[in-house]
Number of protein chains: 2
Amino acid sequence: MQRKTVQREAIQEVFRNSEHPLRLEDILAQGRLLVPTLNRATVYRNLKLLVEIGWLAQVQHPSLGTIYERADLAHHHHFHCNSCDRIYELPGCVLNAAATPEGFIVQEHEIFLSGLCPACVQPAP
Amino acid sequence: MQRKTVQREAIQEVFRNSEHPLRLEDILAQGRLLVPTLNRATVYRNLKLLVEIGWLAQVQHPSLGTIYERADLAHHHHFHCNSCDRIYELPGCVLNAAATPEGFIVQEHEIFLSGLCPACVQPAP
DNA sequence: GTGCTGATGAGATTGCATTTGCAATAGCAT
DNA sequence: ATGCTATTGCAAATGCAATCTCATCAGCAC
């Protein structure tokens, strides 16, 4: 049966502490703060497992590659900041239902925005 | 200087004859109908060149990888049919401006829909 | 037609994300 | 504490898209 390991716990903890979807390198770096010997292969193995059991969801981002996020999130989309490189989850859906195409049946959709996040927009002095 | 070659002409012809964005394999297969010896490396070289001169645009699709389309198209998004595997260009923008996030500056956006295209939706008998 | 050189074809090569093999380690039921 | 075996770390191996090498071919100016 499946065992509880400090490595897997660390990976889950990283997600619990993060408000952002994460790339493999993010997970590895933050996980190593908890378990310094944490290995890349171990992260891949656990991500795969966590996706299989439905705890994580895997998303293919067009410019960032594979990203991971908690599977229990409400419907949302992703914003990538071109300045600080963070990924944000945008609650709700910016898809305009009225504009969905005639004759097509939409089963899934992905929306990726990019630009500047509030933290990177210079506030006026 | 740059020469006119049957290979490059064939690749451009494939795009002129297509209403869909194309993957490398599509371009290669359709191009070989015009120039049977057409080589994968040649296609890559010409795609790169056509993107550089602004004749083609390159798009990263989250599930299909790199796709190419004419650069002179109006703003649009992409629909991937899960049944016939074709990619469609959807005129207009289904992005709901009212729902764009507070405090974020959106510089680019990509919307990918998938589902069933009209040709794959069974018509009632 | 000739010569220069940009372009091609074929295969080898790279770069990168992800996976795998295996010996060593560590959960956990007993 | 002991034994079974899932899990880990490490390095090597994969898979794949994209790129490069280089000998040969083919535009095109002359």
Side-chain angles (χ1 to χ4, degrees), chain A residues 1-15 20-69 78 80 85 87 110 112, chain B residues 1-15 21-53 55-69 78 80 85 87 110 112:
Chain A
M1 99 287 350
Q2 187 180 119
R3 292 171 185 170
K4 183 191 222 179
T5 66
V6 291
Q7 289 84 352
R8 180 152 47 239
E9 280 298 303
I11 292 169
Q12 293 183 280
E13 191 60 17
V14 166
F15 279 96
H20 302 276
L22 300 170
R23 284 159 285 205
L24 183 95
E25 293 303 324
D26 302 327
I27 302 161
L28 187 60
Q30 292 183 44
R32 280 180 172 164
L33 300 178
L34 303 172
V35 180
T37 64
L38 186 61
N39 188 274
R40 177 177 263 92
T42 301
V43 176
Y44 272 114
R45 280 188 282 237
N46 280 297
L47 289 175
K48 187 177 178 185
L49 186 148
L50 292 169
V51 168
E52 279 168 2
I53 66 172
W55 198 84
L56 281 181
Q58 198 177 32
V59 177
Q60 281 306 124
H61 188 286
S63 59
L64 304 174
T66 307
I67 60 178
Y68 297 85
E69 63 190 10
H78 298 95
H80 173 226
D85 208 38
I87 315 163
E110 284 292 348
F112 301 100
Chain B
M1 97 284 355
Q2 186 182 119
R3 293 170 184 172
K4 183 191 223 179
T5 66
V6 290
Q7 289 85 351
R8 181 153 49 240
E9 280 298 303
I11 291 169
Q12 292 183 279
E13 191 61 17
V14 166
F15 279 96
L22 300 170
R23 285 158 284 204
L24 183 96
E25 293 304 323
D26 302 327
I27 301 161
L28 187 59
Q30 293 182 44
R32 279 181 171 164
L33 299 178
L34 303 172
V35 180
T37 63
L38 186 61
N39 188 273
R40 179 176 263 93
T42 301
V43 176
Y44 272 114
R45 281 187 283 239
N46 279 298
L47 289 175
K48 186 176 178 186
L49 187 149
L50 292 169
V51 168
E52 279 167 4
I53 66 171
W55 198 83
L56 281 182
Q58 199 176 28
V59 178
Q60 282 304 124
H61 188 286
S63 60
L64 304 173
T66 307
I67 60 179
Y68 297 86
E69 63 190 9
H78 298 95
H80 173 226
D85 208 38
I87 315 163
E110 284 291 350
F112 301 99

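Proteins get letters first, then strands, A, B, ... in listed order; numbering begins at 1 in each.
- Protein atom NZ of A:Lys48 is 12 Å distant from nucleotide atom P of C:dT18, rounded to whole Å.
- Taking both residues in full, the closest heavy atoms of A:Ala10 and A:Gly31 are given as CB-O, 4.4 Å, listed atom of the first, atom of the second, then distance.
- Taking atom CG of A:Leu50 as the reference point, atom C1' of D:dT7 lies 14 Å away to the nearest angstrom.
- Remark: C1' of C:dT20 and CZ of A:Arg40 are 16 Å apart, rounded to the nearest angstrom.
- Residue B:Leu22 contributes atom CG, which lies 17 Å from atom C1' of D:dA17 at whole-angstrom precision.
- For the pair A:His78 and A:Leu64, the minimum side-chain heavy-atom distance is 4.5 Å or more.
- Across all non-hydrogen atoms, the minimal contact from B:Arg32 to B:Arg40 is NH2-N, 4.4 Å.
- Rounded to whole angstrom, the span from the CG atom of A:Asn39 across to the P atom of C:dA26 amounts to 14 Å.
- Per the geometry, CD belonging to A:Glu9 stands 11 Å off P belonging to C:dG27, to the nearest Å.
- Across the protein-nucleic acid pair, B:Leu24 atom CG and D:dC16 atom C1' stand 12 Å apart, rounded to whole Å.
- At the heavy-atom level, B:Arg8 lies under 4.0 Å from the strands shown only through sugar-phosphate atoms.
- Below the 3.5 angstrom threshold, one finds a donor paired with an acceptor across the side chain of B:Arg3 and the base of C:dT5.
- At D:dT7, none of the side-chain N or O atoms of A:Thr5 fall inside 4.0 Å of OP1 or OP2 (strictly under the cut-off).
- Distances were taken from every side-chain heavy atom of A:Ala41 (C-beta onward) to each of C:dT18, C:dA10, C:dT20; the shortest belongs to C:dT20.
- For the pair B:Gln2 CD and C:dA7 C1', the interatomic distance rounds to 10 Å; values are reported in whole Å.
- Aromatic rings from A:Phe112 and A:His80 are positioned such that their centres are separated by 6.0 Å or more.
- When all heavy atoms of B:Ile11 and B:Val43 are compared, the pair lying nearest together is CD1-CA, 3.9 Å.
- In this model, the phosphate group of C:dT18 is approached by a side-chain N or O of A:Tyr44 to a distance below 4.0 Å at OP1 or OP2.
- Distances from the side chain of B:Arg45 to the nucleotides C:dT8, C:dA17, D:dG9 place C:dT8 closest.
- Side-chain proximity of B:Gln7 to the nucleotides D:dG27, C:dT8, D:dA6 is greatest for C:dT8.
- When the nucleotides C:dA7, D:dG9, C:dG27 are ranked by their closest atom to the side chain of A:Lys4, C:dG27 comes out on top.
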